[in-house]
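What follows is one structure encoded as structure tokens, with my remarks underneath.
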Amino acid sequence: MSTPYNFSQGDAPIDLQRSFWNKWNTEIGGREKHPISARQSEVIRGWLERLGRNDLDILDVGCGNSWFEPELSRYGKVTATDLSDEVLSRAAKRWPHITFTAGDFMALDFGRSTFDVIVTLEVLSHVFDQKAFVRKLATHLQPGGYLMLATQNRHVLEKYNAIPPPAPGQLRHWLYQHELAELLEPEFASQELFTVSPVARVGVMRIVNSWKLNAPVRALFGNRVERFKERMGFGWTLMALSRKPF
């Protein structure tokens, strides 16, 4: 999954955050793409396909180990940024056609109305000032540009999953679906907002979402039952497609 990090010092000095996410991206984020990340990328690619272009200027905010950049580059020129400077240094050697910029996003200048699309995956919930973060995203988008955002679904993570407390250098502020809508509304016109990836590790939903127990259902109905649970709001991830007004 992409790196979740805070763009302001808040309760964790920026150097501590940088150290934590360099380590996280190397030890955990550097592994094979997680199914939750795979589902997020599937949704993002679908949105990009609908635009029908391969000449887009795209900014990926919080790109982590940059697993998504080769896929994004199919749709145009990609600029990727993250706090994890050591990780981005390695990524730049693997994918020289991508522009990588390491640093605190809130302190970086990508210009006004620069990009057609901004992608940010699992970053928002670890941002100290979420309103300022959303405003800054909007300044970098051209009028009519698209924000494609994924963030953790507070309802599902708190109710149906046992998540360890944040480690030093990691902030955590999950949102409910209605809170995300309210946060985006001042800067963007909402196009789509839904959940993906039903995941549960506690309670009855653990049985409902059991991959093994649901094997016969998948054999009969494919992913239709999974998609139904997503539409009902039981997904781990909130996916938001928004557009900056003209």
Margin query: Applying salt bridge (Lys or Arg N to Asp or Glu O under 4.0 Å), can you list everything that pairs with Glu158, at least two apart in sequence or on another chain?
Written below: Arg154

Notebook entry, point to check: How far does CG of Leu72 sit from OG1 of Thr79, to the nearest 0.5 angstrom?
Noted result: 11.0 Å

Checklist line | Rounded distance [0.5 Å steps], CD in Glu122 versus CG in Leu238 | finding: 10.5 Å

Item checked: Sidechain-backbone polar pair: Asp82 side chain, Gly64 backbone, donor-acceptor under 3.5 Å -> yes

Next item on the list: Look at the side-chain heavy atoms of Ile, Leu, Val, Met, Phe, Trp and Tyr, link any pair under 4.5 Å apart, and say whether Val87 and Trp67 land in one connected group.
Entry: no

Check: Taking side chain as C-beta onward, heavy atoms only, is Leu184 less than 4.5 Å from Ser190?
Finding: no

Next item on the list: List in chain and number order the residues that pass salt bridge (Lys or Arg N to Asp or Glu O under 4.0 Å) with Glu49, two or more places apart in sequence or in another chain; answer none if no residue qualifies.
Entry: Arg74

Note to self: Can you tell me if Glu185 has over 12 outside heavy atoms packed within less than 6.0 Å of its CD?
What the structure shows: no

Next item on the list: Taking side-chain contact (heavy atoms from CB on, under 4.5 Å) as the test, write out the residues that go with Ala92, two or more places apart.
Entry: Phe100

Margin query: Name the residue from His173, Arg172, Gln152, Gln130 that meets the side-chain hydrogen bond (donor to acceptor under 3.5 Å, both in side chains) definition with Ser125.
Written below: Gln152

Next item on the list: Flag the pair Lys244 / Ser113 as yes when at least one side-chain heavy-atom distance between them is below 4.5 Å, and no otherwise.
Entry: yes

Next item on the list: Without swapping roles, check the side chain of His126 against the backbone of Leu171 for a donor-acceptor pair under 3.5 Å.
Entry: yes

Checklist line | Any side-chain heavy-atom pair of Thr114 and Leu59 under 4.5 Å | finding: no

Notebook entry, point to check: Is the backbone N or O of Val61 less than 3.5 Å from a side-chain atom of Thr120, with the two atoms forming a donor-acceptor pair by type?
Noted result: yes

Check: Looking at residues at least two apart in the chain, or sitting in another chain, which of them share a side-chain contact (heavy atoms from CB on, under 4.5 Å) with Arg50?
Finding: Trp47, Glu192, Leu241

Check: With sequence neighbours excluded, what pairs up with Arg231 under the side chain to side chain donor-acceptor pair (under 3.5 Å) test?
Finding: none

Item checked: Listed partners of Ser73 passing side-chain contact (heavy atoms from CB on, under 4.5 Å), at least two apart -> Val78, His97, Ile98

Notebook entry, point to check: Which residues pass the side chain to side chain donor-acceptor pair (under 3.5 Å) test with Asn22, sequence neighbours left out?
Noted result: Asp85

Check: So do the side chains of Arg39 and Val43 get within less than 4.5 Å of each other, counting heavy atoms only?
Finding: yes

Next item on the list: With sequence neighbours excluded, tell me which residues meet side chain to side chain donor-acceptor pair (under 3.5 Å) with Arg243.
Entry: Tyr146

Item checked: With Asp116 via salt bridge (Lys or Arg N to Asp or Glu O under 4.0 Å) - residues at least two apart -> Arg53

Note to self: In this structure, would Leu16 and Trp24 fall into the same cluster of hydrophobic residues linked by side-chain contacts under 4.5 Å?
What the structure shows: no

Check: Quick one: are Leu180 and Leu193 in side-chain contact, heavy atoms under 4.5 Å?
Finding: yes

Note to self: Quick check: do Ile14 and Leu83 have side-chain heavy atoms less than 4.5 Å from each other?
What the structure shows: yes

Note to self: Using 0.5 Å steps for rounding, measure from the OG1 atom of Thr101 to the CZ atom of Phe110.
What the structure shows: 4.5 Å

Margin query: If you count every heavy atom of other residues, nucleotides or ligands that lies below 6.0 Å from Lys136 atom NZ, does the total exceed 12?
Written below: yes

Next item on the list: With the side chain counted from C-beta on, respond yes when Val127 and Phe105 share a heavy-atom pair under 4.5 Å apart, and no when they do not.
Entry: no

Item checked: Atom pair OG1 (Thr237) and CD (Glu230), whose distance is rounded to the nearest 0.5 Å -> 9.0 Å

Checklist line | Check: Ser41/Arg45 side-chain N/O donor and acceptor closer than 3.5 Å | finding: yes

Next item on the list: Would you check if Leu51 and Tyr75 make a side-chain contact, meaning some heavy-atom pair closer than 4.5 Å?
Entry: no

Next item on the list: Not counting sequence neighbours, which residues clear salt bridge (Lys or Arg N to Asp or Glu O under 4.0 Å) with Arg94? List them please.
Entry: none

Check: Is it true that Leu141 and Met106 fall in one hydrophobic cluster, defined by side-chain heavy atoms closer than 4.5 Å?
Finding: yes

Item checked: For His155, all residues meeting side-chain contact (heavy atoms from CB on, under 4.5 Å), sequence neighbours excluded -> Asn153, Lys159, Tyr160, Tyr176

Check: Who pairs with Asp15 by side chain to side chain donor-acceptor pair (under 3.5 Å), at least two apart in sequence or on another chain?
Finding: Arg18

